[in-house]
2 protein chains.
Amino acid sequence: MNLRDLKYIVAVADEKHFGRAAEECAVSQPTLSAQIIKLEDYLQIQIFERHRGNLIITPAGAEIIQQARIILDHAEQIHKISAFATDRFAGTLSLGIIPTIAPYLLPLILKKLASQLPKLTLQLKEAQTHQLISDLKDGKIDAMILALPTEETTFKEIDIYREDFYLAVPENHPFAQKKVIQTDTLDGESFMLLEEGHCLRDQTMELCRLKPSQIGQSLRATSIETLLEMVRCGHGMTVVPELVTKQGRGNICFIPFAKPIPHRRVGLVFRQTFSRQDLMVKLVETMQGIL
Amino acid sequence: MNLRDLKYIVAVADEKHFGRAAEECAVSQPTLSAQIIKLEDYLQIQIFERHRGNLIITPAGAEIIQQARIILDHAEQIHKISAFATDRFAGTLSLGIIPTIAPYLLPLILKKLASQLPKLTLQLKEAQTHQLISDLKDGKIDAMILALPTEETTFKEIDIYREDFYLAVPENHPFAQKKVIQTDTLDGESFMLLEEGHCLRDQTMELCRLKPSQIGQSLRATSIETLLEMVRCGHGMTVVPELVTKQGRGNICFIPFAKPIPHRRVGLVFRQTFSRQDLMVKLVETMQGIL
DNA sequence: TATTTTCAATAGATAAAACCTATCATATAT
DNA sequence: ATATATGATAGGTTTTATCTATTGAAAATA
């Protein structure tokens with residue numbers, strides 16, 4: 001049995017005439033006749049009684065045609081679903097973002113993004129890199145924004161922006177007077193970092209070549225904001241990405257690093273096999289246009 | 001798009017594995033893969049994201065699969081309808097019967113017929129021959145029982161029984177003493193007939209070679225029972241088929257005719273193209289067994 | 001009654017598709 | 001580094017759908 005066959009019998013039921021039904025289905029009359037005979041043969045049941053000018057639908061045939069109409073309706077639905085879905089910039093996108101990006105990037109772009117991609121609905125999830133990677137593999141999210149690279153071969157990455165790091169010190173700290181800072185002058189300083197699992201923690205440790213003794217152990221900071229609060233109170237210093245410095249903050253100085261300026265690449269990551277790659281490109285372009 | 005394709009994507013959605021889905025569909029994995037790719041291509045939409053061991057259904061794909069399940073359900077319905085309908089002795093049969101047969105034949109057979117063809121429901125319609133012929137052509141009824149032949153080339157006829165005619169006279173009539181009656185002794189007698197349109201009227205006129213002057217004009221009898229009531233009251237005589245004589249009636253004598261005995265053939269008639277010919281044969285055999 | 005018209009089925013040939021086996025490519029697990 | 005698992009690709013075969021032309025049978029018309 002075949003959707004085409006069902007179309008044929010519905011056409012015959014509508015037209016009560018094989019020739020006209022064939023025309024409606026854009027096939028020749030013998031083709032339509034043969035297919036219907038084959039269907040009747042397959043179902044072991046007669047659907048139509050043929051007479052000239054007087055076509056009778058058998059009772060079972062009428063029931064079958066009723067089902068066929070339902071089936072064709074739903075088949076049409078499938079076409080509609082596809083047609084809608086092929087508007088690649090519409091629909092819902094489930095997007096993961098790491099905690100050191102989300103609160104600083106989202107306020108800058110969400111509003112304009114909604115106006116430039118009006119048919120796109122974002123479903124946001126904030127989690128650490130390793131969690132997002134797992135979610136992306138499982139299909140729980142469609143894409144994610146985080147620090148590149150991910151080292152995952154099954155993912156594709158597109159750079160969105162490059163973000164320089166800054167040293168955050170209390171404004172009464174000696175460093176606060178410096179225009180730039182050399183990473184090798186940080187040797188004895190005491191640092192505060194985010195809790196384990198944040199990529200920013202690892203990046204900071206690496207770029208400042210921190211010894212375990214320099215890292216404040218008492219604190220398990222879950223956010224940059226907490227960290228900055230501690231800095232403000234003079235418990236130590238920390239490193240933050242550029243976007244964090246854009247919001248006005250009292251009592252804290254953000255000192256640029258000397259060249260080569262340490263930074264991170266922030267990008268959009270998705271599965272190589274993801275079905276909406278053109279939306280990914282569009283999304284990145286739109287975000288870059290806003291920033 | 002094709003019912004087979006829909007079966008394939010539902011199988012993949014269920015199994016989350018192309019190989020197992022192919023097995024379930026009893027085709028090779030390349031076949032299933034190729035068909036699904038072709039479907040995705042045709043719909044211009046990706047239904048699955050392929051990874052090893054981790055198959056993800058796209059949002060649009062999920063909607064399509066939902067529709068596909070509905071469609072396959074209804075397709076299954078079509079199979080069930082056919083399977084039920086191919087029990088050729090089940091279902092409803094719309095049967096027309098002429099008024100000179102219905103009230104005498106039906107009481108004899110209906111009960112036993114219901115027990116011997118328990119799954120068959122009869123929908124009975126009583127009408128004159130010409131009306132039944134028109135209804136049968138239009139498919140308003142499936143078959144009819146009447147006096148043969150119909151002279152219609154598009155119908156098939158099966159004889160059920162042969163029915164001799166009898167002369168009905170009041171018991172005080174001189175003819176009432178006769179064992180048999182010769183048709184050529186009826187010349188001057190006055191007859192009462194059914195109204196126009198009844199085949200029995202025409203048959204009686206023919207077999208008795210009645211002149212218009214012999215036929216009572218005042219009466220437009222719509223049933224044999226009315227006619228017999230008139231005979232009982234001595235208004236004349238009439239001719240009735242054998243089954244009418246089987247019910248005990250006072251004050252009326254039914255005289256057999258001399259050879260060659262005039263009679264009519266009663267049979268089952270249906271369209272040559274009717275889909276339940278084997279039921280027709282079975283029905284006639286069953287009725288003959290009962291009579 | 002004979003002829004024409006109408007309508008669906010049949011015949012024969014061609015084109016399209018679905019299918020199979022064998023193999024490849026890639027990612028994951030060992 | 002090797003083996004395994006999974007889905008895609010290649011090439012060839014079979015099946016199916018389709019076409020045009022024709023036939024057959026009933027109905028309408030002359």
Side-chain angles (χ1 to χ4, degrees), chain A residues 1-9 11-13 15-42 46-57 61 133-134 136-138 150-156 271-275, chain B residues 1-9 11-13 15-42 46-57 61 133-134 136-138 150-156 271-275:
Chain A
M1 193 165 51
N2 197 307
L3 285 177
R4 193 197 309 106
D5 301 337
L6 300 182
K7 206 174 78 182
Y8 290 167
I9 62 172
V12 170
E15 297 290 341
K16 304 229 182 276
H17 188 286
F18 277 63
R20 285 195 298 274
E23 196 178 356
E24 191 185 302
C25 295
V27 293
S28 70
Q29 170 267 316
T31 296
L32 180 127
S33 283
Q35 286 311 113
I36 291 181
I37 288 171
K38 194 177 290 184
L39 177 65
E40 290 180 324
D41 220 53
Y42 165 71
Q46 199 170 343
I47 298 172
F48 302 110
E49 278 180 43
R50 286 87 160 158
H51 307 74
R52 52 257 100 241
N54 184 17
L55 187 129
I56 294 170
I57 302 172
I133 287 175
S134 162
L136 189 59
K137 281 184 179 170
D138 293 348
T150 57
E151 314 286 5
E152 292 283 336
T153 54
T154 59
F155 291 166
K156 266 195 195 169
R271 296 179 295 275
Q272 276 187 345
T273 55
F274 185 45
S275 55
Chain B
M1 193 165 51
N2 196 305
L3 285 177
R4 194 193 310 105
D5 301 337
L6 300 182
K7 206 174 78 180
Y8 291 167
I9 61 173
V12 171
E15 297 289 342
K16 305 230 181 275
H17 188 286
F18 277 63
R20 285 195 298 275
E23 197 177 355
E24 192 184 301
C25 296
V27 293
S28 70
Q29 170 267 316
T31 295
L32 180 127
S33 284
Q35 286 311 113
I36 291 181
I37 289 170
K38 192 177 290 184
L39 177 64
E40 290 180 324
D41 219 53
Y42 165 71
Q46 199 169 345
I47 297 171
F48 302 111
E49 280 181 40
R50 285 86 160 157
H51 307 74
R52 53 259 105 238
N54 184 18
L55 186 129
I56 294 169
I57 302 172
I133 287 176
S134 161
L136 189 60
K137 280 184 178 168
D138 294 347
T150 58
E151 313 286 4
E152 293 283 335
T153 54
T154 59
F155 292 165
K156 265 195 195 168
R271 295 180 296 274
Q272 276 187 346
T273 55
F274 186 45
S275 54

Whole Å only: how far is the CZ atom of Arg4(A) from the P atom of dC19(D)?
10 Å
Just by distance, no angles: are the side chains of His51(A) and Thr273(B) close enough, under 3.5 Å, to form a donor-acceptor pair?
yes
side-chain N/O Thr154(A) vs dA27(C) OP1/OP2, d < 4.0 Å
no
Between atom CG in Leu3(A) and atom P in dA17(D), what is the gap in whole Å?
13 Å
Separation of dA17(D) C1' from Met1(A) CE (nearest whole Å)
18 Å
For Arg50(B) and dA8(D), is the shortest distance between a side-chain N/O and OP1 or OP2 below 4.0 Å?
yes
Among dA17(D), dC19(C), dA8(D), which nucleotide sits nearest the side chain of Gln35(A)?
dA17(D)
Nearest-angstrom distance from the residue atom CD of Glu23(A) to P of dT18(D)
16 Å
Under 4.0 Å between a side-chain N or O of His17(A) and OP1 or OP2 of dA8(C)?
yes
Separation between CD of Gln29(B) and NE2 of His17(B), rounded to the nearest 0.5 Å
9.0 Å
Spacing of Arg4(B) atom CZ and Leu32(B) atom CG [to the nearest 0.5 Å]:
11.0 Å
Which is more 5' along DNA chain D, the nucleotide nearest Lys38(A) or the one nearest Thr153(B)? Just name the residue.
Lys38(A)
Is Ser33(A) close enough to dA9(C) that one of its side-chain N or O atoms is under 4.0 Å from OP1 or OP2 there?
yes
Paired with Ile36(A), the side chain to side chain contact (heavy atoms under 4.5 Å, CB included) test is passed by just one of Asp5(A), Ile9(A), Thr31(A), namely Ile9(A)
Between Glu40(B) and Arg50(B), does any NZ, NE, NH1 or NH2 come within less than 4.0 Å of an OD or OE carboxylate oxygen?
yes
Spacing between Gln29(B) atom CD and dA25(C) atom C1', to the nearest angstrom
13 Å
What's the closest nucleotide to the side chain of Pro30(A) if the choices are dC19(C), dA8(C), dA11(C)?
dA11(C)
Calculate the interatomic distance between Leu55(A) atom CG and dA26(D) atom P; express it in whole Å.
16 Å
Counting any heavy atom closer than 4.0 Å, what does Phe48(B) reach on the DNA or RNA strands: base, sugar-phosphate only, or nothing?
nothing
Could you check Ala26(A) against Thr31(B) and say which one's nearest nucleotide on DNA chain D is further toward the 5' end?
Thr31(B)
Length of the CD1-P vector between Ile37(B) and dA8(D), whole Å:
4 Å
Between Tyr8(B) and dC19(C), is there a contact of a side-chain N or O with OP1 or OP2 at under 4.0 Å?
yes
Rounded distance in Å - CD (Gln46(A)) to C1' (dA9(C)):
13 Å
Is the shortest side-chain N/O distance from Gln272(A) to OP1 or OP2 of dT26(C) below 4.0 Å?
no
